[in-house]
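What follows is a set of notes on a single structure, which appears directly below.
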Protein chains: 4
Amino acid sequence: MPQFLENHANAAPVKRERRKDARPGELLAAALDLFVEKGFAGTRVEEVALRAGVSKGTLFLYFSSKEELFKAVVREYIGTHLRAGHEALCVAKEPAADMLAFCITQWWERYGATKAAGITKLMMSEAANFPELAEFYQQEVILPGRALIRSVLQHGVNTSEFAIDDIDNAVFAVLAPLMFLILWRHSLGPCSPASQQLDPSRFLKSQISILLRGVLATQRHSDRGRVTVQTVKTYEAKTA
Amino acid sequence: MPQFLENHANAAPVKRERRKDARPGELLAAALDLFVEKGFAGTRVEEVALRAGVSKGTLFLYFSSKEELFKAVVREYIGTHLRAGHEALCVAKEPAADMLAFCITQWWERYGATKAAGITKLMMSEAANFPELAEFYQQEVILPGRALIRSVLQHGVNTSEFAIDDIDNAVFAVLAPLMFLILWRHSLGPCSPASQQLDPSRFLKSQISILLRGVLATQRHSDRGRVTVQTVKTYEAKTA
Amino acid sequence: MPQFLENHANAAPVKRERRKDARPGELLAAALDLFVEKGFAGTRVEEVALRAGVSKGTLFLYFSSKEELFKAVVREYIGTHLRAGHEALCVAKEPAADMLAFCITQWWERYGATKAAGITKLMMSEAANFPELAEFYQQEVILPGRALIRSVLQHGVNTSEFAIDDIDNAVFAVLAPLMFLILWRHSLGPCSPASQQLDPSRFLKSQISILLRGVLATQRHSDRGRVTVQTVKTYEAKTA
Amino acid sequence: MPQFLENHANAAPVKRERRKDARPGELLAAALDLFVEKGFAGTRVEEVALRAGVSKGTLFLYFSSKEELFKAVVREYIGTHLRAGHEALCVAKEPAADMLAFCITQWWERYGATKAAGITKLMMSEAANFPELAEFYQQEVILPGRALIRSVLQHGVNTSEFAIDDIDNAVFAVLAPLMFLILWRHSLGPCSPASQQLDPSRFLKSQISILLRGVLATQRHSDRGRVTVQTVKTYEAKTA
DNA sequence: GATGAATGAGGATTCATTCAT
DNA sequence: CATGAATGAATCCTCATTCAT
């Protein structure tokens, strides 16, 4: 008789050994949710434990303090982020516009739409209280992200596909809508009436559209025959 | 009778209450700083009192609880926000591109660069813990802001200056960089090395440039003779 | 009307200012009792607070942690000890036997019979858990005490009043009964039936008598005409 | 039937239970060390188990609670003490001075220098928390010990070897240095620099010397020809 | 028996709030 | 009004004890 059927005989109580391996992950997931929702100080460890289905004491078997739990959450989900990011990095190269759009949509699917995205909001809220973590986050997430986007933009500029004056700041034209979407969904979004919810795919489509029209240098035809954009010159606003 | 005259009716005791009236303002300012930096739960009322130069007990003479203090902070600085926003609203109308750029720079000067901008970060962090405040913020700030931007964009579309597919989402192409700038300056920014700081004016200039190229329908000359942008068609990204 | 009568008028609520100065002392006294009785780990801070007539939180206004409270107790009562010790040190010099007896009785009256003596038991019990304090206690109390006694013994030897082979160890012949008396009174004594209680004055008289006969070199007459002791040679026991 | 034979009656299963019977011994030894070092409350049962090489759960198979473990430790090592004490009691009788010295050195070798001596420190520290144990300790250890020493002193007095005014308190002149040595070695000693360590054999030699000079009535020659002590009269200190 | 994961009562510590001065 | 000492509910964390494996 196959082994996996034997387990079914007395299935009800999940095996302890199995549980022990799963605990940290369950606790981290619960902690992420609550930290994102209520902030570090506003979250009670017991709540985290209960949400993970264990008692207060059990949490401390795996994380020596609330602060360590917090750090572990950030590290764990930053790990997820980075892996996803690096995978996305290694794909489709041409043309730059497609690549940029691809990066954005991939980023959304692999990070923005996942639980891990809560880390972004978390860092925004708690940076001042955890400066070491904030620095860590900068080094491990922000800088690589900025570099990745910058390389795509630079690539477009090199191939004359993009016309960008200030690439360093242009990077934020890509990042800002992505951050905005995440922050919205993790803060004001859940408090908004249905009529004001953001539809992520429409939102991203719109942002990609405006963004690309904003950086493309000239009209061109994509490899699939879709007409794109032609930009002539930089606009300089008349500001006060 | 003009509204601003009504205040004169009971002007006499103003001098007497000045001292008393000044206290709440100092407390609110101190509270704003600390709430923004450390979050609601992470801020101690004693710290607020100390920063405002009064004792802990005095704070409770003016605000019946920490939560009431928090609400007062939000309402106070939302007031500032709204007044600034509405004033900006009532000016320069043509052309739409200039108006948009003007709105953005005004918004920065009158709100983004002020202490009041901390409220934005605060609401992002605390929305889940103060749903009624979040709703209030949405109603009083977000919706009017979106409506204002939308009206500018719509205006541009109406005059054929702008070509925008999805105006509702395009609004966020304006909002996102502004939010990003505020959040950066109130969270990760202070934790970053000097080399990675954002220069607000360059940042905004870059965002305005890309944004306008992204929404303008066609090349045009601004009233001051600067050449701007010509966009031909909407780009549709080749995504998975 | 004398001032102390005025206080009687509205006596019930003791003045707060007065209280604040008294608090630390009251807390230290309560803490000494309980730490001596139950040990550091076995004592609850709330118990200390209650015995001092305040609430849990008040204790932490004066001592930042249980451990700091403990250290403060030791330092406070070591201070008492040292002051008493130094005063005793500066008196009656001759003859050495009188001086030794005087030191012992003074030590008892000024230290052994006071609350401060609990520190001795405390250090015996907690030395391993507070090595820094133990070292502090050694440096500040034990070493000076040993030096003091040693100087008295040496004085007696110099004047040929005492005959002592091993002065360094002889010091403990003075210390041991004193320690014993303290430890007895703070540990087993309170658990003993009345029939087995030690009478300190008899105990000390007996110890002084045996001790002096044990160290005196030769018969002599004290200045008050009491006959004393004559010792001829050192006894060397036949041990296995 | 001699008592020691009774154990043979059910000797057969001994081998089988040896393993099982060994465990409690290892646990008791580990527990003694830790209780002595850190006190009852300061010792964690898990630490005891680890030091004994078993798991936390196993400890509770043998001792139903931490408190029972503590009592078992005291009883176990008091047993050791008593056996050693009674054996020492039954030997060498003359002269009283030799017997006293013999008792002291035997006591040191058979008890003071062994792990069991930790019990003495333990009882000093924990008497107030375990009154029933303290009473047990008094009945089983202190009283017999005092009686033993008293009988030796009385014997010396009866033979005119000793001149002692207050025999009951004189007993403590014997006990005090012994207690002192044990307490020193189990508390402050381990925290002291090498330069201040006590050398037990020198310490005891010195104490015995002073003690015997302190109680002997007159000069005499020991059976090995060593000259000893002559005391003429009781010293009465001039105290305040 | 032995294990060690899990529990939860208990104790240290914090901090919003009160109130006598 | 202003103060800051005092309070105690709330929270983090520990550790004796249990129990499924």
Side-chain angles (χ1 to χ4, degrees), chain A residues 10 12-23 41-49 53-69, chain B residues 19-20 23 40-50 53-69, chain C residues 10 12-23 41-49 53-69, chain D residues 19-20 23 40-50 53-69:
Chain A
N10 50 355
V14 181
K15 274 191 178 173
R16 272 209 177 170
E17 282 306 309
R18 181 67 41 97
R19 296 320 322 269
K20 192 199 170 181
D21 294 346
R23 290 275 185 253
T43 298
R44 276 172 298 146
V45 290
E46 187 162 23
E47 240 183 316
V48 175
V54 299
S55 74
K56 211 175 9 173
T58 302
L59 188 148
F60 287 96
L61 292 178
Y62 297 97
F63 305 97
S64 61
S65 71
K66 188 184 181 183
E67 197 158 323
E68 283 307 314
L69 172 64
Chain B
R19 177 80 232 141
K20 175 174 140 194
R23 287 255 194 278
F40 176 78
T43 298
R44 275 170 298 149
V45 292
E46 185 162 27
E47 237 182 320
V48 174
L50 281 176
V54 299
S55 74
K56 212 177 358 174
T58 303
L59 187 150
F60 284 93
L61 293 176
Y62 295 99
F63 306 97
S64 62
S65 72
K66 187 183 182 185
E67 200 157 322
E68 285 307 317
L69 171 64
Chain C
N10 49 356
V14 182
K15 273 190 178 174
R16 270 210 177 170
E17 283 305 309
R18 180 67 44 95
R19 295 324 320 271
K20 194 198 170 183
D21 295 345
R23 290 276 186 252
T43 298
R44 275 172 299 146
V45 290
E46 188 162 22
E47 241 182 315
V48 175
V54 300
S55 74
K56 213 173 9 173
T58 301
L59 188 150
F60 286 96
L61 292 178
Y62 297 96
F63 305 97
S64 61
S65 70
K66 187 184 180 183
E67 198 158 323
E68 285 306 316
L69 172 64
Chain D
R19 178 80 232 141
K20 176 175 139 194
R23 286 252 195 278
F40 176 78
T43 298
R44 277 172 294 149
V45 292
E46 185 162 25
E47 236 182 318
V48 174
L50 280 176
V54 301
S55 73
K56 213 177 357 173
T58 302
L59 188 150
F60 284 92
L61 292 177
Y62 295 99
F63 305 98
S64 62
S65 73
K66 188 185 182 184
E67 200 157 321
E68 285 305 318
L69 171 65

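Quick note on labels: first sequence line is chain A, next is B, and so on, each numbered from 1.
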* Distance test, side-chain N/O of D:Tyr62 to OP1/OP2 of E:dA2, below 4.0 Å -> yes
* Closest to the D:Thr58 side chain: E:dT3, F:dT7, E:dA12? -> E:dT3
* Given that D:Ser64 and A:Lys66 both sit by DNA chain F, which one's nearest nucleotide is further toward the 5' end? -> A:Lys66
* Does D:Gly53 or A:Val54 map to a spot on DNA chain E nearer the 5' end, using the closest nucleotide for each? -> D:Gly53
* To do: Measure from CG on B:Leu59 to P on E:dT17 and round the result to the nearest Å.
  => 10 Å
* Structure fact -> Taken to the nearest whole Å, CG/C:Leu61 to P/E:dT14 is 11 Å
* To do: Over all heavy atoms of both residues, which pair between B:Leu59 and B:Val45 is shortest? Give the atoms and the distance, please.
  => CD1-O, 3.8 Å
* To do: Please state how far atom CZ in B:Phe40 lies from atom C1' in E:dA16, giving the value in whole angstrom units.
  => 10 Å
* For D:Ala41 against D:Lys66, the heavy-atom pair lying closest together -> O-NZ, 3.7 Å
* Could you tell me whether B:Lys56 contacts a base, only the sugar-phosphate backbone, or nothing, with contacts defined as non-hydrogen atoms closer than 4.0 Å? => base
* **Pair partner, F:dA10 [Watson-Crick or wobble, under 3.5 Å]** => E:dT13
* **Pairing nucleotide - E:dA20, Watson-Crick or G-U, each distance under 3.5 Å** => F:dT3
* Asked: Would you say D:Glu46 has more than 12 foreign heavy atoms packed within less than 6.0 Å of its CD?
  -> no
* To the nearest Å, give me how far apart CD (B:Glu46) and P (F:dG4) are. => 10 Å
* Asked: Which distance, rounded to the nearest 0.5 Å, do you find between the CZ of B:Phe40 and the CD of B:Glu67?
  -> 5.5 Å
* To do: With rounding to the nearest 0.5 Å, note down the distance linking CZ in D:Phe60 to CZ in D:Phe63.
  => 11.0 Å
* Asked: Is A:Ser55 near enough to E:dT7 that one of its side-chain N or O atoms lies under 4.0 angstrom from OP1 or OP2?
  -> yes
* CG of B:Leu50 versus P of F:dA2: gap in Å, rounded? -> 16 Å
* To do: May I ask you to say what A:Thr43 touches in the nucleic acid, namely base, sugar-phosphate or nothing, with a heavy-atom cut-off under 4.0 Å?
  => sugar-phosphate
* Structure fact -> When D:Phe60 and A:Arg44 are each assigned the nearest nucleotide of DNA chain F, the 5'-most assignment goes to A:Arg44
* To do: For A:Val45, answer base if it contacts any base atom (sugar-phosphate contacts may also be present), sugar-phosphate if it contacts only those atoms, and nothing otherwise; contact means non-hydrogen atoms under 4.0 Å.
  => sugar-phosphate
* Structure fact -> C:Arg23 atom CZ is separated from F:dG4 atom C1', nearest whole Å, by 13 Å
* Structure fact -> Atom CD of D:Glu68 and atom P of F:dT17 are separated, to the nearest Å, by 10 Å
* Asked: Just how far, in rounded Å, is C1' of F:dT17 from CD of D:Glu67?
  -> 14 Å
